[in-house]
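Please read these numbers as outputs of a predicted model, since none were measured by experiment. Counting starts at 1 for both ligands and their atoms, in listed order. Position 1 is the first residue of the sequence; numbering continues from there.
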Amino acid sequence: MNQIFKYLALALLIPTALSAQQKELPIIPAPVKCEVMDGYFKIDQNCSIQYPATNRDLASAANFLNHSIKRIAGFDLRQNQNTKNKINLILGQFKSLGDEGYILKVNKNGITIEANTRNGIVYGMQSVLQLLPAIRTNAALNIPYLKIEDYPRFAWRGMHLDVCRHFFGPEFIKGYIDLLAAYKLNRFHWHLTDDQGWRIEIKRYPQLTRIGAWRADYTDFVWGTEPQVKNTDTATYGGYYTQEQIKDMVKYAEERNITIIPEIEMPGHAAAAIAAYPQLCCSQTPQYPMAGGNYTNISSNFCAGNDSVFSFLENVLSEVMQLFPSTYIHIGGDEVDKTSWKNCSKCQARIWKEGLHNEEELQSYFIHRIEKFVNSKGRKIIGWDEILEGGLAPNAAVMSWRGEAGGIQAAKMNHAVVMTPGTPCYFDHYQAGPEGEPLAFGGFNSLQMVYNYEPIPASINAENQHDVLGAQANLWTEYITKPEQVEYMLLPRMPALAEVDWSPRETKNWEGFNRRLKSHFRKFDQRGIRYCAGNFTVKINPKFNNGKLSAQLSNEILDSKIYYTLDGSFPGIQSTLYQQPIQIDSSITLRAITVQNGIVKSQVPASQNFVFHKAIGKIVTYKFPVSPQYFADGPNTLTDGIKGTFAIGKYWHGFYEKDLIATIDLGNVETIQSITLGCLQKYRDWIFLPQSVKYEYSENGDMYTSIQTVENTMPITQAEIIYNFKTIFPAIKARFIRVTAKNNLCPPGHPGEGKPGWIFTDELEVR
Ligand code: TNX
């Protein structure tokens, strides 16, 4: 009876559960409110767009819709004709919608889009377009009956593109803008000048593009190595945008609700400008645009002591502001190597004359002076977070890229902030296991990491939260040589960012996003747009329950399975299916793969060694606390069965200045006969093996007896070592073990000579 009742309840539940899923529309970013009803409205040739004919904004919005529909359906929509079916565009006053929101209604009478602005109307159209096919089709253009009320969470929903390290032509940029617009982003940050190329025509200074837009072709050059650039190399790689092309682009973007933020880099990253006009740099000697990002061997800064440099920049910015109507003009400000200023008599004279204290304040002087000029034209500057150093210019907005600290600091000073921290907003970093990916800058920012990003840090209090304008992702192109690769790095992380910036925080839902993403993948496929299919790497995390160790496996692919082996062999679909955390009670190598629809998706298995010993899961206490920067995965790091590798951020507990003095409580008196402390040396990072490691034991935690002091015999100048300080002894009975590792000073010849170093330690094995 009970059983039958259960089945009945299930039978009743299933259809409702299903229809709720079916009714989830594949719109990204997810709308604020969305209701789907039964029935469909069909857009066909008997359909006309209705709007007040004199309203030019709506006329251009109608053209945008018509153009988009024609691309997939092949026919033109009529405008303002008395047809049976209608698409109504209505501007009004809707309190809840703000500047960018819209209400979209689809029912048997047609489609109605209501908004306060043209922008809102266009966003309503973008939602409609996401529900239609992506390419030319003869299928019916059916839209489900629905009611959507939608508006963005943040005002700045940004995406950047570096066109200097590699150049991408105007047609590609339009496609890029189309992609951003489809996901309701509204800022395109166009990185137009850098060491490797000047990409914007400036009428007054033709050499900027005649010389500065071209360089020797180093497309195959591996960034991070130093190419030998010679003056004799012919400059064949490059390109730039003419002012006509830029005007066209600004208009194109505007029609799609996108403001282009131009970036003119100063005072650093200026090698290309200096190649064109050598008198702009301190040494005033001829330079040439660089192939890669290493700029230490070249003076790539504008001279800060030379007034004609400021005249030049003002003239450039004047032309820039004429082309770009945006309130914000990006002036760069990042990564200024101040050596050339230190050696320049003009810069030093400026420091003296202006009563500045150092080169940091000279950078701040530079930015202040430029800000004054930009403000005098009714615009504002935005710069990378280095513009905080030496004093922030009074009206400047800050783009926080070196983490969130700069953004937090600026918001606390009531300055506007755009959050774009390297993790997870740098789309030049890997999005899946590097083994299956095109060569990238480094780092790792997976789709889920982007999706989970929260732009308002907890440490900004309520009254400053509105200073965070929104989040932006950056796409630097040192490693990205081809348009297809731009798409690949952009997608699908950009739609995830769009949802971070647009959708309410409370309703964000990773699973729902993944479900909706499927239909977008299909459209990318149909349109030949490249994207990354997913991060198929399995994550292996140690977990403790009552001192017992287990391994928890997870991945980012929702409709997938994980298979694993424990003997180090290559897993396949015949291996064990992962169902719950795996108990670890011996030393093993765990390897795991992601399988989707019966197909192995991981390029290589994730792999983790676990060492099993008597201290696993036991509590370690330190006399001097572990550095909060190097806390690895928490207090259990030394006894989690996972030994540190050369990845310093990940597994090691770090101690600065002081000795490491750790006590471990085994919980009971145990018989033991060996102890090993693993330590890391990384000379360049000031991490050295300890001078010695002393081991002591105790039964009661009071009186300790010495076991042995193991001396370090490895050379302190060796770049990298992982060394096990091991002691073996006749069996003893112990409950407490005390370990004292003696800190080393940086050796002679090291940049930190005589100063204390770091101790990095992981896994204290007791057997
Ligand atoms: C840092 S982000 C830079 C860029 C590089 C990027 C690579 C920033 C303001 N400066 O010049 O392209 O890292 O990820």
Side-chain angles (χ1 to χ4, degrees), residues 158-168 187 189-199 215 218 221-225 227 261-274 289-298 300-302 328-338 363 366-367 381-389 392 396-407 409-410 417-431 434 437-445 449-450 471-481 485-486 489-490 493 497:
M159 189 68 226
H160 150 290
L161 183 65
D162 167 8
V163 293
C164 302
R165 274 57 180 269
H166 288 98
F167 179 67
F168 305 96
R187 296 287 185 277
H189 173 169
W190 207 359
H191 184 77
L192 287 165
T193 74
D194 211 308
D195 294 315
Q196 294 81 3
W198 183 282
R199 306 280 177 227
R215 63 174 191 247
Y218 287 100
F221 144 86
V222 178
W223 196 82
T225 63
I261 312 294
E263 180 179 353
I264 306 296
E265 269 267 24
M266 64 190 77
H269 285 281
I274 291 164
M290 302 171 59
N294 186 334
Y295 49 88
T296 49
N297 59 351
I298 194 168
S300 69
N301 293 357
F302 291 118
Y328 281 108
I329 303 294
H330 204 300
I331 49 77
D334 63 310
E335 300 184 317
V336 182
D337 172 8
K338 301 182 178 84
Q363 146 122 350
F366 198 112
I367 304 291
I381 63 162
I382 184 164
W384 301 111
D385 57 43
E386 284 94 332
I387 66 171
L388 282 154
E389 292 162 12
L392 184 57
V398 170
M399 248 181 204
S400 192
W401 72 279
R402 296 173 303 172
E404 291 184 324
Q409 193 189 338
V417 167
V418 174
M419 284 297 186
T420 178
T423 310
C425 292
Y426 270 40
F427 288 1
D428 56 336
H429 295 190
Y430 286 102
Q431 55 193 321
E437 294 293 296
L439 183 66
F441 189 86
F444 185 70
N445 288 326
M449 289 166 73
V450 177
Q472 173 176 302
N474 299 331
L475 195 40
W476 301 100
T477 56
E478 286 97 337
Y479 287 89
I480 300 174
T481 58
Q485 207 182 339
V486 173
M489 300 307 274
L490 185 74
R493 289 185 286 191
L497 171 81

Say whether Asp194, considering both its backbone and side-chain N or O atoms, lies within less than 3.5 Å of an N or O atom on ligand 1. no
Tyr426 heavy atoms, cut-off 4.0 Å: which ligand 1 atoms fall inside? 2 (S), 8 (C), 14 (O)
Any idea which heavy atoms bring Ser400 and Gly403 closest together, and the distance? OG-O, 2.8 Å
If we only consider heavy atoms of Arg402, is any one of them less than 4.0 Å away from an atom in ligand 1? no
Can you find a pair of side-chain heavy atoms, one from Ile329 and one from Pro262, that are under 4.5 Å apart? yes
Atoms of ligand 1 under 4.0 Å from any heavy atom of Asp428, numbered from 1 in the order shown, are 7 (C), 14 (O)
Answer yes or no: is there a side-chain heavy-atom contact under 4.5 Å between Asp428 and Asn474? no
Atom indices of ligand 1 within 4.0 angstrom of His269 heavy atoms, with elements: 11 (O)
Short N/O distance, under 3.5 Å, between Trp384 and ligand 1? no
Considering distance alone, does some N or O of Arg165 sit under 3.5 Å from an N or O of ligand 1? yes
What about Glu478: any of its N or O atoms under 3.5 Å from an N or O on ligand 1? yes
Charged N-O contact under 4.0 Å between Glu389 and Arg402: yes
Which class fits the ring pair His191 and Trp476: parallel under 30°, tilted 30 to 60°, perpendicular over 60°? perpendicular
Which word best sums up how the rings of Trp384 and Trp401 line up, parallel for under 30°, tilted for 30 to 60°, or perpendicular for over 60°? perpendicular
